[in-house]
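One structure is given here, and the rest of the page talks about it.
Note that these values count all heavy atoms, side chains included, but never hydrogens, waters or copies made by symmetry.
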Amino acid sequence: MIEFGHSSHVGLRREHNEDTYYADSDIGVWLVADGMGGHEHGEVASAIARDTLIAEINKGTPLVRAVQLADEEIIRHSNRRSEALPMGTTIATMRLVGENEYEIAWVGDSRIYLWNGTLKQISQDHSYVQELIDQGAITTEQARNHPHRNVVTQALGVTDPQSLRVELVRGEFGPGMQILLCSDGLTEEVGDAEIAALLARGELSAQECVDQLILAALDGGGSDNVTVILVRNR
């Protein structure tokens, strides 16, 4: 049985919420999109990504292709506008395949974690600091406070489609497992250990766990919009 919780909060320092999400167990798709480009740009980009991806999934389009088409739709919309400001969004999405399998796809630094007794990040950030970590130039802890930690290297709508890397991971989603999707408004403020401690609390419903994670992000400073989806296989 699939149980899920979801919520989004503008945070404590932003006037507008540019995050968008979608959660639907009937079609087995969940996604988080973190828009960038300012009010009426970022939130439009994230909404286009959501709407295009869901429409394509409903047509039977494979997940990676659906993300690519969302990218193309954002670019088309952006090219029709007179303003020169870029319009982009990250995306982190999960799709259930059959009874006990998942596939995830992502672009940018919105994250996807798997809980199976321990917490594991199964997405890998498309970000400047992640490249530094991969090169051994900085540690994961140093990345949390790096001045360029919010610089993404891939995003829908702003990365050249020929260079866009839509990552895909498939895996087992067995009983007792949980998958967390979130914008960086959570991971900026809440460390993996605290996320793991909350996911380990079996007495909490999925929605209660999501609410606690958002409260933790706000308690941590709430510097950005924060969006969290938790999907459990009971």
Side-chain angles (χ1 to χ4, degrees), residues 4 6 8 18-24 27-36 42 45-54 56-57 61-75 87-97 101-115 119-131 133-134 140 143 149-173 177-188 190 192 195 213 224-231:
F4 64 94
H6 52 88
S8 186
E18 296 181 271
D19 286 2
T20 294
Y21 73 90
Y22 185 86
D24 187 344
I27 64 170
V29 174
W30 294 263
L31 73 87
V32 170
D34 179 355
M36 58 194 77
S46 60
I48 291 171
R50 174 199 63 204
D51 295 347
T52 305
L53 185 132
I54 297 308
E56 291 298 331
I57 292 296
T61 305
L63 190 59
V64 167
R65 183 61 186 145
V67 174
Q68 291 168 337
L69 290 168
D71 173 58
E72 292 171 16
E73 186 59 33
I74 294 167
I75 292 170
M87 173 192 287
T89 186
T90 70
I91 193 165
T93 183
M94 166 192 175
R95 183 182 188 185
L96 283 183
V97 183
E101 280 188 72
Y102 68 81
E103 56 182 20
I104 63 164
W106 73 94
V107 175
D109 63 354
S110 290
R111 288 185 182 175
I112 306 174
Y113 291 88
L114 175 69
W115 167 267
L119 188 71
K120 179 186 178 186
Q121 183 179 336
I122 47 176
S123 64
Q124 185 176 45
D125 297 351
H126 295 146
S127 68
Y128 175 64
V129 293
Q130 184 61 52
E131 290 184 354
I133 292 169
D134 294 345
T140 304
R149 64 188 178 278
N150 299 120
V151 177
V152 295
T153 54
Q154 294 266 322
L156 302 186
V158 292
T159 302
D160 183 311
Q162 303 303 315
S163 306
L164 188 72
R165 294 202 333 263
V166 184
E167 310 281 1
L168 181 75
V169 171
R170 294 185 178 91
E172 180 192 359
F173 191 46
M177 293 185 181
Q178 306 180 65
I179 290 182
L180 175 76
L181 300 91
C182 61
S183 62
D184 67 343
L186 177 70
T187 51
E188 276 277 301
V190 185
D192 284 5
I195 292 172
L213 287 165
D224 200 354
N225 309 145
V226 54
T227 301
V228 180
I229 298 174
L230 181 64
V231 185

Checklist entry - Which residue, M94, Q178, M177, forms the side-chain contact (heavy atoms from CB on, under 4.5 Å) with V231? => result M94
Checklist entry - For the residue pair Y21 and H6, does the interplanar ring angle fall in the parallel (under 30°), tilted (30 to 60°) or perpendicular (over 60°) class? => result tilted
Item to check | T89 side-chain N/O to A45 backbone N/O, donor-acceptor pair under 3.5 Å | outcome: no
Checklist outcome for this item: For E56 and T61, the nearest pair of non-hydrogen atoms, with its separation, is OE1-OG1, 2.8 Å
Next on the checklist: For R149 versus A143, what's the shortest heavy-atom pair and its separation?
Outcome noted: CB-O, 3.5 Å
Next on the checklist: To check you understand the geometry: which heavy-atom pair defines the closest contact between I48 and E73, and what is its length?
Outcome noted: CG2-CG, 3.6 Å
Checklist entry - What closest approach, in Å, do V32 and S183 show between heavy atoms, and which atom pair accounts for it? => result CG1-N, 3.7 Å
Checklist entry - In this structure, which one of L180, N225, D224 forms a side-chain contact (heavy atoms from CB on, under 4.5 Å) with L186? => result L180
Checklist outcome for this item: When rounded to the nearest 0.5 Å, the distance separating SG of C182 from CG of L213 is 8.5 Å
Checklist entry - Does E103 reach the side chain of E101, with side-chain heavy atoms less than 4.5 Å apart? => result no
Item to check | Donor-acceptor contact present, side-chain T90 to main-chain A33, <3.5 Å | outcome: no
Next on the checklist: Tell me which one of D34, V152, L181 satisfies side-chain contact (heavy atoms from CB on, under 4.5 Å) with S110.
Outcome noted: D34
Checklist entry - Got a second to check how far L53's CG is from L156's CG, nearest 0.5 Å? => result 9.0 Å
Item to check | Side-chain donor-acceptor pair present, D19, T227, cut-off under 3.5 Å | outcome: yes
Checklist entry - Taking all atoms of both residues into account, what is the closest heavy-atom pair of I122 and Y102, and its distance? => result CD1-OH, 3.7 Å
